[in-house]
Amino acid sequence: MNYTDHWNHKYINTPDDKLGWYEDVPTHTLDLIRACHLPVDAHILLIGAGTTTLVESLLENGFTNLTVNDLSSAAVQILQERLGNRKDQVRWVIDDLTHPDALKRLEKIDLWVDRAVLHFFNKPKEQKAYFDLLRTLVKAGAYALFAEFSLSGATKCSGLDVFRYNTQMLKERLGGSYILIREADVIYTMPSGDRRDYIYALFKNMANGESAY
């Protein structure tokens, strides 16, 4: 399957508010971001962002150093059009998380945000590439935030098989320098009315003896 074509087709043919992961206000993600107590100039990377409203929320909260990534150029174009002039306040990177190029050249980041991306990577080599990139980019003392299908969650999304997680599985893949700061089981109601079980988890990179708080 050509995943670029798959996601371009999905975003071109589905209105934002009909997408299965749409949130008018991404409340749970924002709560975890606030728990990081980041300065407004912290470098925040939204990976696989699609057309998320989280970008507007972060801009409205005064954050000034946002990088938005997606594989789909269609998603990026839709999000840029929705932002209007505010699109110039964001750095845009169209790149594949499992075969990264431009992403590898980013400056180190203070927060990695993944809302419903990792669980689409089913193959061990895809998962390895993802976590290798994360560990390369997330600086000591910085954070990684995940929202993925939990072990009790759905086995497919958007016509694709998914790989489900709990916090221990995420911890093992992140490696020994990361500690769990917060976690929550969240039941998300889709625009269709269907419900999906998610695990939300916030980790901190404790490399070099950084404080947990």
Side-chain angles (χ1 to χ4, degrees), residues 1-33 45-55 57 68-79 82 94-100 103 112-131 133-134 144-174 183-203:
M1 174 183 288
N2 185 313
Y3 290 104
T4 302
D5 290 347
H6 175 88
W7 290 114
N8 280 337
H9 182 270
K10 174 64 68 174
Y11 284 109
I12 290 170
N13 291 282
T14 310
D16 286 357
D17 60 0
K18 301 300 182 185
L19 291 165
W21 48 88
Y22 173 79
E23 289 181 296
D24 184 33
V25 179
T27 304
H28 297 291
T29 304
L30 288 168
D31 286 346
L32 290 179
I33 291 174
L45 172 61
L46 310 184
I47 57 102
T51 56
T52 180
T53 58
L54 181 59
V55 179
S57 294
V68 172
N69 154 257
D70 204 273
L71 176 68
S72 167
S73 59
V76 169
Q77 182 177 349
I78 291 167
L79 181 49
R82 200 177 74 216
I94 298 172
D95 201 5
D96 184 345
L97 289 160
T98 64
H99 296 89
L103 283 167
W112 170 287
V113 180
D114 175 342
R115 186 186 176 281
V117 180
L118 172 61
H119 60 221
F120 284 110
F121 301 140
N122 291 285
K123 298 176 182 178
K125 65 180 181 180
E126 295 173 339
Q127 296 165 5
K128 181 180 185 302
Y130 174 100
F131 282 102
L133 178 65
L134 183 155
L145 189 163
F146 300 90
E148 316 298 340
F149 280 176
S150 69
L151 295 183
S152 59
T155 58
K156 295 182 77 71
C157 181
S158 190
L160 302 174
D161 292 332
V162 297
F163 190 98
R164 299 172 296 175
Y165 286 89
N166 61 22
T167 51
Q168 182 58 33
M169 294 164 67
L170 291 169
K171 173 70 172 65
E172 289 171 356
R173 285 160 174 77
L174 283 167
E183 65 177 308
D185 293 314
V186 175
I187 298 176
Y188 167 66
T189 302
M190 301 167 63
S192 65
D194 292 340
R195 292 154 70 87
R196 294 289 183 265
D197 293 355
Y198 277 80
I199 180 68
Y200 277 66
L202 177 66
F203 292 87

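Atoms considered below: every heavy atom in the structure, side chains included; atoms not considered: hydrogens, waters and symmetry mates.
Between N69 and the choices V76, L97, I94, the side-chain contact (heavy atoms from CB on, under 4.5 Å) rule is met once, by L97.
For R82, the side-chain contact (heavy atoms from CB on, under 4.5 Å) partners two or more places apart in sequence, or in a different chain, are D16, T51, T53, E56, L79. Evaluation of the salt bridge (charged side-chain N to carboxylate O under 4.0 Å, His left out) rule for D96 yields no partner, not counting sequence neighbours. Considering only residues two or more places apart in sequence or on other chains, K125 meets the side chain to side chain donor-acceptor pair (under 3.5 Å) condition with none of them. The side chain to side chain donor-acceptor pair (under 3.5 Å) check on D114 picks up Y130, with sequence neighbours excluded. Remark: S152 pairs with S150, D197 by the side chain to side chain donor-acceptor pair (under 3.5 Å) rule, at least two apart or across chains. The salt bridge (charged side-chain N to carboxylate O under 4.0 Å, His left out) check on K128 picks up D132, with sequence neighbours excluded.
Within the 4.5 Å cutoff, the side chain of L170 has heavy atoms near those of the L118 side chain. Put simply, the side chain of L145 does not reach to within 4.5 Å of the side chain of W112, judged on heavy atoms. Using a 4.5 Å heavy-atom threshold, the side chains of E183 and N166 count as separate.
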* T167 vs F146, side chain to side chain contact (heavy atoms under 4.5 Å, CB included): CA-CA, chis, key distance, verdict -> CA-CA 9 Å; T167 51; F146 300 90; over 6 Å; no
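Formation of a donor-acceptor pair under 3.5 Å by the N122 side chain with backbone atoms of D161 is found in this model.
Between V117 and E148, the closest heavy-atom pair is N-OE1, 3.5 Å. Closest of all the heavy-atom pairs between S73 and N8 is N-OD1, 3.3 Å. Closest non-hydrogen pair, Q127 versus R173, comes out as OE1-NE, 3.9 Å.
Note on ring orientation: taking the six-membered ring where Trp is involved, the planes of F149 and Y198 are perpendicular (angle over 60°, cut-offs 30° and 60°).
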